[in-house]
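Everything on this sheet refers to the single structure shown next.
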Amino acid sequence: MKITGPKGTHDILYKNIYKWQFIESQLKNLVELYDYQEMRTPIFENTDLFLRGVGDTTDIVDKEMYTFKDKGDRSITLRPEGTAGVVRSFIEHSCYNEVLPGKFYYYGPMFRYSRPQAGRYRQFHQFGVEALGSADPFLDGEVLELMMNMFKALGLKQLKLEINSVGCPVCRPIHKEKLKDYLKSHYDQLCPTCQSRYEKNPLRIFDCKSLTCQEIIQKGPYVTDNLCDDCENHFIKVKEYLDMVELEYEVNKKMVRGLDYYTKTAFEVSAGREGSQSSIGGGGRYDGLVEELGGPELSGIGFAIGLERIVMTMDEQMLFEGKFESVNKVFIASVSSNEIPETVRLVSLLRKNDIHALRDTMNRKLKAQFKYANKIGADYVITIGDEEVSSKIYTLKNMKTSKEESYVESDLINILKGENNEFKK
RNA sequence: GUGGGUGUAGUUCAGUGGUAGAGCGCUAGUUUGUGGCACUAGAAGUCGUGGGUUCAAAUCCCAUCAUCCACCCCA
C-alpha cells in the first residue's frame, strides 16, 4: 500500500514554492512598513484557550477542532486560528506593560477538521495581523487599509471588501432579544439548523443559505438597527477613515462572522470567485477577548488571510507569470572522466565567489550533460577537455544565444559576477 | 456530519469478461568536444484495497479506503 499524506493536507512542491515565497516576502515587507512585528506561537495550545477564546457556540469549536490527549493526559488542540494564541502569548508575557498598542503579525499552519474541497484543507496557512490595546476606530480603518494593500501588493483583482458592525456586549443582547421576538412567530418555518441557532446564536441565521430562512430574516431587525451610541459612532468613524484613504467598501448588514469574540467592526474580503470558498480574508474587532483570556481590559482588532486561497486566486488571475526569479546558473561539463577533478575545482571556486555553479554527477556523456544543462535552465556551460586543463583558458557558452567566448580564470569569475556583463545579453 | 463524481505507468487518460495500452515526462542511443527539434530503444503498473460471481475480472456485484466537487462552515 502506498503511503500518502493525511486527508486534507497538501504538499507544496519545489516547483511551486516560489509562489509561496513571493507572497510571504511581499506580505512581510508590507506589514513591517505598517510597523507590525512578528510573533511565533506554538502550533498547539491547551484546548481551553480555544474554548474560551473562539467560543463554544462556534462551528470551529463545535466540530472542527483537532483535539487529542497527550501522554500527560492534557487536552491539546492544534490551533484552528491565530488570534487566540497571539493574545495568550501577549498576556502571558505581560506585553501590555510594554508599548501600546502591541502590533503583531504571524504566519503559519492552522488546523480544522472539516471535509476538504476546493480551497479548503485540514491544514492550511494563514497570515494574520493583530493590534492590541487601542479602541480607536481609525485603527480599524488603518487595519482595513493594510489588509487591502496586502492584496493589492500581490496584484489581486476584483477585490471586494464588505464591512459591518456586529455590536458589543451592551447592544447585542438587546438586539438578540428583538431578533428572537421577531423570529418567534416564524420559528416553525426555519430550517432545522436555524431552529437550533435560535437559542444559541440567532445572529448566525443571517448566514443561512436556505431561501425561506433568508426571506424571514430579510424582514427582521439587523444588528445595525440596534447599535448603541458607542457602536454607532465607532462604525461611522471607521467609514470616515475608509473615505479619507479612498478605500472602496460595501456595508453588508447581513454579515455575521463565525467567531464569538468579534465586537463592533467585522469584515470579509473576496476576490473574483463567486460562491464557494470566495473569501480570502476576514477579521474584526474583539474588544472583550484579552480580558476573557485573563488579561487586562484591552481592546483588539485583527484579521487573517488564507494563503491557499490567495495562491488559488492568483493562479486563476495568472499573477505568477514572470514572478519566478531565476539566478544565473553555470554548468561545468567534462569531455571525459579525466577532467572531473578540474570540474570539481572550478565549481568549488565559482561557488566561493557566490556564483551558482554545478557539475555532472550522473556520469553522463558530454552531449547528455548539455541536455541536462538545458533542462535545468542553465544560463551558461563551460566545457572542460584536455585543452582547457592545459591552457587554463575556458570557453563560456551562453545557452540562450549559443555564443561562446574564451577567458582566463580571473576574467571568467569577473564576467560571471559582474553587473555590466554584456555577454549576458 | 450530508450528497454526488472518480480511482489503470511519474503524469493525463484509453481500455466494459479472454496476453495491460497511448501521448507527455524520465533514462539511454542516433560514432569525431556541444543543448533545444527529429528519429530509435528502454525502464516503469499486485489496474486503490479486501471479498464475491465466473473456466476466466481492470471490466460484473458487495464492502472499504483515498481523492475530487457541492452542502454545512470558513480561510
Side-chain angles (χ1 to χ4, degrees), chain A residues 1-10 13 15 54 57-65 79-83 107-128 147 191-194 196-197 201 204 207-210 213 255-259 268-271 273 275-283 303-313 331-336 338-339 360 362-389 395-404:
Chain A
M1 240 238 299
K2 222 194 284 185
I3 193 147
T4 57
K7 192 185 186 76
T9 63
H10 70 295
L13 294 181
K15 46 198 160 197
V54 179
T57 68
T58 61
D59 281 307
I60 292 179
V61 168
D62 218 32
K63 52 180 198 187
E64 292 182 352
M65 292 212 301
R79 61 182 186 193
E81 55 94 56
T83 305
Y107 163 71
M110 305 293 162
F111 305 83
R112 287 182 205 174
Y113 192 90
S114 59
R115 287 274 287 266
Q117 65 186 76
R120 191 169 65 203
Y121 299 90
R122 289 184 172 181
Q123 175 176 335
F124 59 102
H125 297 79
Q126 286 189 334
F127 192 110
M147 178 166 67
C191 73
T193 338
C194 288
S196 70
R197 280 170 175 158
N201 199 349
R204 291 295 302 286
D207 270 344
C208 189
K209 302 278 187 313
S210 147
C213 295
M255 186 178 64
V256 195
R257 305 268 315 156
L259 286 78
E268 216 168 283
V269 180
S270 63
R273 299 172 71 85
S276 67
Q277 270 70 60
S278 57
S279 160
I280 57 173
F303 65 85
I305 73 183
L307 279 307
E308 275 78 3
R309 295 206 182 156
I310 297 280
V311 171
M312 180 171 76
T313 311
F331 183 86
I332 315 294
S334 56
V335 173
S336 75
N338 294 336
E339 294 81 29
D360 174 55
M362 293 287 283
N363 278 313
R364 284 189 242 252
K365 290 186 172 181
L366 183 63
K367 191 167 188 162
Q369 292 181 48
F370 266 84
K371 280 191 180 181
Y372 172 72
N374 188 59
K375 215 168 280 179
I376 62 166
D379 301 278
Y380 306 101
V381 174
I382 296 169
T383 305
I384 307 294
D386 46 6
E387 284 171 36
E388 285 79 6
V389 173
T395 303
L396 186 64
K397 174 167 184 172
N398 182 316
M399 293 296 275
K400 276 197 194 77
T401 63
S402 294
K403 267 198 294 180
E404 298 193 0

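Order of the sequence lines sets the chain letters (A, B, ...), proteins ahead of strands, with each chain counted from 1.
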query: In whole angstroms, how far is the P atom of B:U2 from the CD atom of A:E64?
result: 15 Å
query: Which value, in whole Å, describes the distance between the C1' atoms of nucleotides B:U16 and B:A56?
result: 15 Å
- request: For each nucleotide in nucleotides 32-43 of chain B, reading 5' to 3', give B when a protein heavy atom comes within less than 4.0 Å of its base, S when such contact involves only the sugar-phosphate, and - otherwise.
  value: -BBBB-------
- request: Tell me whether the guanidinium CZ or amine NZ of A:R112 lies under 6.0 angstrom from the six-membered ring centre of A:F124 and within 45° of its axis.
  value: no
- request: Verify the contact: side-chain N or O of A:Q117 to OP1 or OP2 of B:C68, cut-off strictly under 4.0 Å; return yes or no.
  value: no
field: Partner nucleotide, any strand, of B:U49 [Watson-Crick/G-U, under 3.5 Å]
entry: B:A63
message: Between the base of B:C74 and the side chain of A:R309, is one N or O donor paired with an acceptor at under 3.5 angstrom?
response: yes
message: Would you measure the distance from the C1' atom in B:A22 across to the matching atom in B:C47 and give it in whole Å?
response: 16 Å
field: Whole angstrom value for the distance that separates C1' of B:A75 from CE of A:M65
entry: 17 Å
field: Presence of A:R115 side-chain N/O under 4.0 Å of B:C69 phosphate oxygens OP1/OP2
entry: no
task: Could you pull out all residues at least two apart from A:Y121 that satisfy ring pair (Phe, Tyr, Trp, His ring centres under 6.0 Å)?
output: A:H10
- prompt: Could you state the interatomic distance from CD (A:Q123) to CD (A:E308), rounded to the nearest 0.5 Å?
  reply: 8.0 Å
task: Name all residues meeting the ring pair (Phe, Tyr, Trp, His ring centres under 6.0 Å) criterion together with A:Y372; count only those two or more places apart in sequence or in a different chain, and write none if there are none.
output: A:F331
task: Could you point out which residue of A:I305, A:T313, A:L307 forms a side chain to side chain contact (heavy atoms under 4.5 Å, CB included) with A:I280?
output: A:T313
statement: The ring pair (Phe, Tyr, Trp, His ring centres under 6.0 Å) partners of A:F303 (sequence neighbours excluded) come to none
message: Without decimals, in angstroms, what is the distance between A:K7 NZ and B:A66 P?
response: 5 Å
message: Return the pairing partner of B:U40 with a 3.5 Å limit on both distances, Watson-Crick or G-U wobble; otherwise return none.
response: B:A28
statement: Re B:G35: Watson-Crick or G-U wobble partner, both distances kept under 3.5 Å, found to be none
C1' gap between B:U31 and B:U40, integer Å: 15 Å
message: Any strand counts, and the cut-off is 3.5 Å on both contacts for Watson-Crick or G-U wobble. Which nucleotide pairs with B:U2?
response: B:A70
Under the salt bridge (Lys or Arg N to Asp or Glu O under 4.0 Å) test, residues paired with A:R115 that sit two or more places apart: none
message: Tell me the interatomic distance from A:E268, atom CD, to B:A75, atom P, rounded to whole angstroms.
response: 7 Å
Pair listing, salt bridge (charged side-chain N to carboxylate O under 4.0 Å, His left out) test, anchored in residues 378-388 of chain A, at least two apart: A:D379-A:K400
task: Could you say whether A:Q126 or A:P6 is positioned toward the 5' end of RNA chain B, judged by the nucleotide with the nearest heavy atom to each?
output: A:P6
- request: Take the protein atom CE of A:M147 and the nucleotide atom C1' of B:A75, then report the distance between them rounded to whole Å.
  value: 12 Å
task: Round to the nearest Å and state the distance from A:F111 atom CZ to B:A75 atom C1'.
output: 14 Å
- request: Send over the distance from A:M312 CE to B:C74 P, rounded to a whole Å.
  value: 17 Å
Base paired to B:C55 (Watson-Crick or G-U; both N/O distances under 3.5 angstrom): B:G18
query: Looking at B:A75, does its base get a donor-acceptor pair with the side chain of A:R112 below 3.5 Å?
result: yes
field: Distance in angstrom units between A:R364 CZ and B:C26 P, rounded
entry: 10 Å
